[in-house]
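Quick notes on the structure that follows.
Heavy atoms only: backbone and side chains are in, while hydrogens, waters and symmetry mates are out. Letters A, B, ... mirror the listed sequences (proteins, then strands); counts begin at 1.
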Amino acid sequence: MEDNHMKQLWREACGETPPGFINRLHRSLGQASTPQPQRRLRLILSASLALVLLLNGVYALERLGVLDTLNAALRTHLLPEATDLLKSDIPQSARQPALAHFSVEEAVYDGRQAYFTLRVQPSDPAKTLLMDVQADPSWAYDWQDSGKPYEGESFAQKAQTSGQQLVQAEVWDAQVNAQAQQIRTHHTLYQNGDILYTLALPAQGEEAKVQLNLLAMNLQGQADESARGTLDFTLQKSPHIQVAAAKTPLTLPESGLTLTLCQVETTPIASYLILKYALAPNASPLQAVNFEDGLWPEWLDGKGERRESGDPWNSLIKLNDGSREVLMTYSALQEMPQSITLSFYNSMSQENFAPFTLPLIPKEEQ
Amino acid sequence: MTEQYLEQSILAYTDLLYRISTALLRNPQDREDAVQSAIETAWRKAKGIRDESKLKSWLTRVMINACYSILRRKQWETPVENFPESSSETSLDALLLRDALDKLPDGQRLPLILHYFEGFSIRETAKALGWPQGTVLSRMQRGREKMKELLLEEHDGR
């Protein structure tokens, strides 16, 4: 067969690039530029925590915890009270993989997300070089520090020269309250041969019983059962959550949507916007296409400017009944707003729809 | 390399990245996770790329790594097939090609796809896969022979 014909058949076999893929790519591009995490001492701290850090001296400077990376990773502004919610010395039980030891160092659960730092240490530091989940053996070992990913010694070279085995260590699956949840990696840091992941899991309820499925496998060998492990811990929900919602259902004629939920949750860690919407019964064919593409909300401030949401894990989910659920993460707010101004947009067509404002009613008043 | 240039390049390669993902991942959700992971990685590391002409093969490599990362995590789950569901508009020849490619090991399938179907040069294919050019050539040779056998078998079986 001719080359061009084969190329055509290959494209035909793959099919059109689906809207879900394009949408995720556009969303990821829009949110990919993540600032570097700040050291804890640069954050606005409560006086009590600053005192603790001073007392801990050098040790405090060397540590990097969940709040350090969260502020940058989500591009959110944490409230000073966030530090009060942070838990350390978390009771945990584990069946460790043979080649690495995993432990939760710090965690906070704000009623919507469980954020935690997970330290991975090689079981035998002399014989093992750890590599994170996204890395490739050819990439520079110290790129995070040097900012030069293609200069210097690679993971593979470092392992070879030091006679170590190269082990990729990660959380490959997770459950919260016995439900499978997608693990979210917000940041990865190398510290003296350890890996410190900042991770998050969606969670709901008064407590989050977390089970992580661990994997530490030698990249030169075959993975067997000894490469796997589990880590269990439970987090209690922070008491500082405020919830308010707009009155729904509500039809939005311009976008052809019926809004069935518009809820705002504020915590010292972040603000969350949760929307559920369906295609309105009288929607036009064009509106149906927009709906299928996936319409994302923008939360506008008092000047009509888009509030920035830097979380690359914002989600748009298709529910079983065909409606959509959107979860967006924003900066923490001091107070629950009395109203919310939203507009929808289609990231594929770049089409924006007119903004609308809805009063928010605190949950206890509903 | 400016962020704007990188963004425009990634957008231009959307379909390529999708086809690469179909060569390795069966589940549409996994492919979306892979492209998100690839873009996050690309954004952080692209500043190290000095030669913009190598961006296409580099992005392909980042995408392949993201797919392999997901495969590694899922190796204990359901067996992986390699292509999306066919639509009623897919021709018989395309289906035969798909089935034949599906039967090749990754090490032969990927260089064939990149070189013959995506138009990568041998050098670009080697860069994208992180292999020496000689390895690419020898694996493509074996892959072509195997593909020929498979397509003849499938053709005779029609």
Side-chain angles (χ1 to χ4, degrees), chain A residues 1 3-18 20-34 36 132-140 143-144 146-151 156 168 170-173 182-183 185 188 213 215 217 219 223 225 227-228 312-313, chain B residues 3 6-7 10-11 14-15 17-19 21-23 28-29 31-33 35-50 61-62 64-66 68-69 72-77 83-87 89-91 93-99 101 113 116-119 130 151:
Chain A
M1 288 189 216
D3 272 3
N4 282 339
H5 181 55
M6 291 294 275
K7 285 178 186 172
Q8 190 185 334
L9 286 180
W10 161 241
R11 281 162 173 68
E12 197 180 323
C14 292
E16 292 282 320
T17 305
F21 187 93
I22 297 172
N23 229 331
R24 189 77 168 268
L25 183 142
H26 284 203
R27 296 288 303 174
S28 306
L29 266 180
Q31 298 169 335
S33 179
T34 303
Q36 290 298 304
D132 71 89
V133 58
Q134 286 189 320
D136 180 84
S138 66
W139 291 349
W143 73 272
Q144 293 213 41
S146 69
K148 296 173 183 172
Y150 295 98
E151 291 181 18
Q168 193 157 40
E170 60 175 299
V171 177
W172 66 281
D173 195 4
Q182 188 172 22
I183 190 84
T185 304
T188 304
N213 291 310
L215 181 64
M217 60 183 288
L219 291 179
E225 197 58 29
R228 302 175 68 178
W313 293 97
Chain B
E3 289 189 351
L6 178 63
E7 182 172 347
I10 290 174
L11 288 171
T14 299
D15 292 339
L17 295 176
Y18 174 69
R19 291 193 296 270
S21 73
T22 67
Q29 186 66 45
R31 291 187 212 124
E32 291 178 22
D33 290 346
V35 79
Q36 173 162 341
S37 172
I39 285 169
E40 287 169 3
T41 303
W43 206 265
R44 280 181 288 162
K45 299 196 172 188
K47 288 173 189 164
I49 301 279
R50 291 187 179 139
R61 183 165 186 188
V62 170
I64 289 170
N65 284 341
Y68 274 129
S69 178
R72 272 196 294 272
R73 276 180 257 171
K74 289 181 166 272
Q75 63 182 303
W76 289 284
E77 297 179 6
F83 286 93
E85 297 295 328
S86 58
S87 75
E89 295 168 4
T90 311
S91 70
D93 282 344
L95 290 172
L96 289 175
L97 176 70
R98 190 181 80 174
D99 288 346
L101 282 169
I113 287 173
Y116 289 109
F117 304 149
E118 295 293 350
L151 286 171

Exercise for the section: For side chain to side chain contact (heavy atoms under 4.5 Å, CB included), just list the numbers for B:Asp33 and A:Arg24, CA-CA rounded to whole Å, side-chain angles, deciding distance to a tenth of an Å, and then say yes or no. Expected result: CA-CA 8 Å; B:Asp33 290 346; A:Arg24 189 77 168 268; 2.6 Å; yes
Practice task
Go through A:Met6 and B:Tyr116 one step at a time and tell me if the side chain to side chain contact (heavy atoms under 4.5 Å, CB included) criterion holds.
Solution key: CA-CA 8 Å; A:Met6 291 294 275; B:Tyr116 289 109; over 6 Å; no
Practice task
For side chain to side chain contact (heavy atoms under 4.5 Å, CB included), just list the numbers for B:Leu101 and A:Trp10, CA-CA rounded to whole Å, side-chain angles, deciding distance to a tenth of an Å, and then say yes or no.
Solution key: CA-CA 10 Å; B:Leu101 282 169; A:Trp10 161 241; 3.9 Å; yes
Practice task
Kindly determine whether A:Leu25 and B:Glu32 satisfy side chain to side chain contact (heavy atoms under 4.5 Å, CB included), including the steps that lead there.
Solution key: CA-CA 8 Å; A:Leu25 183 142; B:Glu32 291 178 22; over 6 Å; no
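The structure places CG of A:Leu29 at 4.5 Å from CD1 of B:Ile39, a figure rounded to the nearest 0.5 Å. Interatomic distance, B:Ile10 CD1 to A:His26 NE2, rounded to the nearest 0.5 Å: 10.5 Å. Taken to the nearest 0.5 Å, the CG atom of B:Leu17 stands 9.0 Å off from the OG1 atom of A:Thr17. Atom CG of B:Leu95 and atom CD of A:Glu12 lie 8.0 Å apart (nearest 0.5 Å).
Among residues two or more places apart in sequence or in another chain, the side-chain hydrogen bond (donor to acceptor under 3.5 Å, both in side chains) test is passed with B:Arg19 by B:Glu118.
Across A:Ala13 and B:Ala94, no two heavy atoms sit closer than the pair CB-O, 3.8 Å. Contact detail for A:Phe21 and B:Thr14: the closest heavy-atom pair is CE2-O, 3.8 Å.
Salt-bridge check for A:Arg11 with B:Asp15: failed, with every basic side-chain N at 4.0 Å or more from each acidic carboxylate O.
Side-chain contact between A:Ile22 and B:Tyr18: absent, with no pair of heavy atoms (C-beta onward) separated by less than 4.5 Å.
No more than 12 heavy atoms of other residues, nucleotides or ligands lie within 6.0 Å of CD in A:Glu16, so this atom counts as exposed by the packing criterion.
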